[in-house]
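To start, the structure under review is shown below, and the notes come after it.
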Amino acid sequence: SRTKMIIELFMSHRSKYFLKWGKKMQSQYNSKKLTPLQAAAMFGNANAFCELLDHAKVIVWEWGGKKEVGFPLDELDSGGDDARICALELMTLYRHSNLLSLNLTAEIVTHKWETFGLRWFSRCFVHQVACWCCAAFVCLDDTVGYSPFRVGARICLLTLALGYLATFAALFLLCGNNEQWFLHMDFSLFYASANKINFWQLLVVRNANELMLMVLLALL
């Protein structure tokens, strides 16, 4: 394809233009502070993304027709520093499933989920179910007058819900407010973009909205 020909012209080690321009272009930022790999991830250009990865791979060992290769993660799974955004985040933010389904990126996402995601999702799920149960006990207990069961459920709900909301607000304001992941996100409340992750549709944000409604029900 034309994309492959252009990338090989500058990125191939056999090309006469590699040392002159190609080597520098591999990690050169554009006006949006994105490298070629990150720009391909942002626009969902699978051909360019795969070709750039192919030219960045490192051969670990080779024996006959078999070989093992490695890929640098400094642009793929790490932005280099807190002021940069990685290719994996960009393809997720802009909903490029064609890139997320590639073997390499799918393996990285699966490993992240098994190492970190499943653990935190399980904790959040248990926390949310506990709040649902407490809110249900408060609303369904129709005992006339004082009810220690209802009061205990209300205190438990307020403790869990307000603790979650305070932690979420503190983390976002102190840590995530200026992160590139959130700066690239869509914050539209009513007309959410179909091609970009919306902040208000994040699971943690939806959980926070549910908890605020539970707190209001418990206080009424």
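Numbering of residues begins at 1 and proceeds along the displayed sequence. Just so it is clear, the structure is predicted and the values come from calculations on it, not from any experiment.
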Checklist entry - Do Asn195 and Ser193 have side-chain N/O donor and acceptor atoms under 3.5 Å apart? => result no
Checklist entry - Considering only heavy atoms from C-beta outward, does the side chain of Tyr164 approach that of Val204 to under 4.5 Å? => result yes
Checklist entry - Just wondering, are more than 12 heavy atoms of other shown residues or ligands nearer than 6.0 Å to CG in Asn30? => result yes
Checklist entry - Once you round to the nearest 0.5 Å, how far does CG of Asn207 lie from SG of Cys131? => result 9.5 Å
Checklist entry - Does any non-hydrogen side-chain atom of Glu210 lie less than 4.5 Å from one of Trp132? => result yes
Checklist entry - Do the side chains of Trp200 and Tyr94 join up, straight or via other hydrophobic residues, at under 4.5 Å, putting them in one cluster? => result yes
Checklist entry - Should Leu160 and Val215 be counted in the same cluster of Ile, Leu, Val, Met, Phe, Trp and Tyr side chains packed under 4.5 Å apart? => result no
Next on the checklist: Could you check whether any side-chain heavy atom of Asn47 comes within less than 4.5 Å of a side-chain heavy atom of Asn45, counting everything from C-beta outward?
Outcome noted: yes
Checklist outcome for this item: Applying side-chain contact (heavy atoms from CB on, under 4.5 Å) to Thr35 and not counting sequence neighbours gives Tyr29, Leu37, Gln38, Glu75
Item to check | Student check: side-chain heavy atoms of Lys112 and Thr115 closer than 4.5 Å | outcome: no
Next on the checklist: Whether the side chain of His184 engages the backbone of Leu93 through a donor-acceptor N/O pair (distance < 3.5 Å, no angle test) should be reported.
Outcome noted: no
Checklist entry - Are Leu213 and Leu189 grouped together when hydrophobic residues (ILVMFWY) are joined by side-chain heavy atoms under 4.5 angstrom apart? => result no
Checklist entry - If you draw a 6.0 Å radius around CZ in Phe43, do more than 12 non-hydrogen atoms from other residues or ligands fall strictly inside? => result no
Checklist entry - Mind checking whether Phe172 and Phe182 have ring centres under 6.0 Å apart? => result yes
Checklist entry - Distance from Thr92 atom OG1 to Lys196 atom NZ, nearest 0.5 Å? => result 14.0 Å
Checklist entry - Any idea which heavy atoms bring Pro72 and Leu76 closest together, and the distance? => result O-CB, 4.0 Å
Checklist entry - Tell me, do Met185 and Leu202 make a side-chain contact under 4.5 Å, heavy atoms counted? => result yes
Next on the checklist: Can you confirm whether Leu211 sits close enough to Leu162 that some side-chain heavy atom of one is under 4.5 Å from a side-chain heavy atom of the other?
Outcome noted: no
Checklist entry - Which heavy-atom pair separates Ala218 from Leu157 by the least distance, and what is that distance? => result CB-CD2, 3.5 Å
Checklist entry - Going only through I, L, V, M, F, W and Y residues with side-chain contacts under 4.5 Å, is there a path from Val109 to Leu73? => result yes
Item to check | CA sep, side-chain torsions, deciding dist, call: Val205, Phe168, side-chain contact (heavy atoms from CB on, under 4.5 Å) | outcome: CA-CA 9 Å; Val205 179; Phe168 172 75; 3.8 Å; yes
Item to check | Rounded distance [0.5 Å steps], CZ in Arg150 versus SG in Cys134 | outcome: 14.0 Å
Next on the checklist: Is it the case that over 12 heavy atoms from other parts of the model lie below 6.0 angstrom from the CZ atom of Phe71?
Outcome noted: yes
Checklist entry - Any sub-3.5 Å donor-acceptor pair from Asp77's side-chain atoms to Ile108's backbone N or O? => result no
Item to check | Non-neighbouring partners of Lys33 that pass salt bridge (charged side-chain N to carboxylate O under 4.0 Å, His left out), sequence neighbours left out | outcome: none
Item to check | Close side-chain approach of Leu217 and Val138, heavy atoms under 4.5 Å | outcome: no
Next on the checklist: I need the Gln128 CD to Cys133 SG distance, nearest 0.5 Å.
Outcome noted: 11.0 Å
Next on the checklist: Working to the nearest 0.5 angstrom, can you tell me the gap between Cys50 SG and Leu99 CG?
Outcome noted: 7.0 Å
Checklist entry - So with a 6.0 Å cut-off around CZ of Phe187, is the heavy-atom count from everything else above 12? => result yes
Checklist entry - Between the main-chain N or O of Leu104 and the side-chain N or O of Glu107, is there a donor-acceptor pair closer than 3.5 Å? => result no
Next on the checklist: A side-chain contact here means heavy atoms from C-beta on lying under 4.5 Å apart; do Ser122 and Leu118 qualify?
Outcome noted: yes
Show me the donor-acceptor pairs, under 3.5 Å and distance only, between side chains in residues 57-66 and residues at least two apart or in other chains.
unit_1, atom_1, unit_2, atom_2, d
Lys57, NZ, Asp54, OD1, 2.9
Trp61, NE1, Glu68, OE1, 2.4

Next on the checklist: Grouping I, L, V, M, F, W and Y whenever their side-chain heavy atoms are under 4.5 Å apart, do Phe125 and Met214 come out in a common cluster?
Outcome noted: yes
Next on the checklist: Apply side-chain contact (heavy atoms from CB on, under 4.5 Å) to residues Leu158 and Leu219 and explain how you reach the verdict.
Outcome noted: CA-CA 9 Å; Leu158 293 176; Leu219 295 176; 4.1 Å; yes
Item to check | Distance (rounded to the nearest 0.5 Å) between Ile197 CD1 and Asp186 CG | outcome: 9.5 Å
Checklist outcome for this item: In short, Ala87 meets Ala41 closest at the heavy-atom pair O-CB, 3.5 Å
Checklist entry - Do His96 side-chain atoms and Gly44 backbone N/O form a donor-acceptor pair below 3.5 Å? => result yes
